[in-house]
Amino acid sequence: QVQLVESGGGLVQPGGSLRLSCAASGFTLDSITVGWFRQAPGKEREAVSCISSKYGSTYWIDSVKGRFTISTDSEKKTVYLQMNDLKPEDTAVYFCATDLSINCWTLHLENSDFRSWGQGTQVTVSS
């Protein structure tokens, strides 16, 4: 069974950095699509990033381009979201999600039905 465990959230000042981790089990990272999503109170969920080895596709929301990066550790079966130069508007609960067939180039990625989801980790950017 696919399971995702997220960690790395916390409180950080504007301009600071955090690295979120998404540890996966039940599958290999090179055969799945991985998405990062976030949802702030009272707002719709939005897709932050997506990467798929299967389709060779990636996606980044415009507001984080140049500030966030994604990396993987195949041995640990973990995906990382490195978040730099954090801004108050980045405050949200962040979720990782995986699927075997979703293409990152799909229209309205935030509404895609990813098969597995992490529990979410809170990121708060405030002075």
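- The number of heavy atoms from other shown groups lying within 6.0 Å of CZ (R115) does not exceed 12.
- Atom NE2 of H108 sits about 7.0 Å away from atom CD of E110, to the nearest 0.5 Å.
- The number of heavy-atom neighbours closer than 6.0 Å to CG of D113, taken from other residues, nucleotides and ligands shown, is 12 or below.
- With rounding to the nearest 0.5 Å, the separation of CD in Q39 from CD in E44 is 7.0 Å.
- Residues L20 and Y80 are members of separate hydrophobic clusters, defined by side-chain heavy-atom contacts under 4.5 angstrom among Ile, Leu, Val, Met, Phe, Trp and Tyr.
- Heavy atoms of other residues, nucleotides or ligands lying less than 6.0 angstrom from CD of E89 number more than 12.
- For the side-chain contact (heavy atoms from CB on, under 4.5 Å) criterion with I32, the lone passing option out of I51, T98, V79 is T98.
- F37 and F114 have perpendicular rings, their planes meeting at more than 60° on a 0 to 90° scale where under 30° would count as parallel.
- One distance of note links CG of D99 with NZ of K54; it measures 8.5 Å at 0.5 Å rounding.
- D90 has no carboxylate O lying under 4.0 Å from a charged side-chain N of K87, or vice versa, which leaves the two without a salt bridge.
- The CG atom of L81 sits 7.5 Å away from atom OG1 of T69, with the distance rounded to the nearest 0.5 Å.
- Listed by first then second residue, pairs satisfying disulfide bond (SG atoms under 2.5 Å apart) with a partner in residues 70-127 read C22-C96, C50-C104, not counting sequence neighbours.
- L109 places a side-chain heavy atom less than 4.5 Å from the side chain of I102.
- V64 and W105 fall into different hydrophobic clusters, where Ile, Leu, Val, Met, Phe, Trp and Tyr side chains are chained together by heavy-atom contacts under 4.5 Å.
- Interatomic distance, CZ of R67 versus CH2 of W60, reported as 10.5 Å (0.5 Å rounding).
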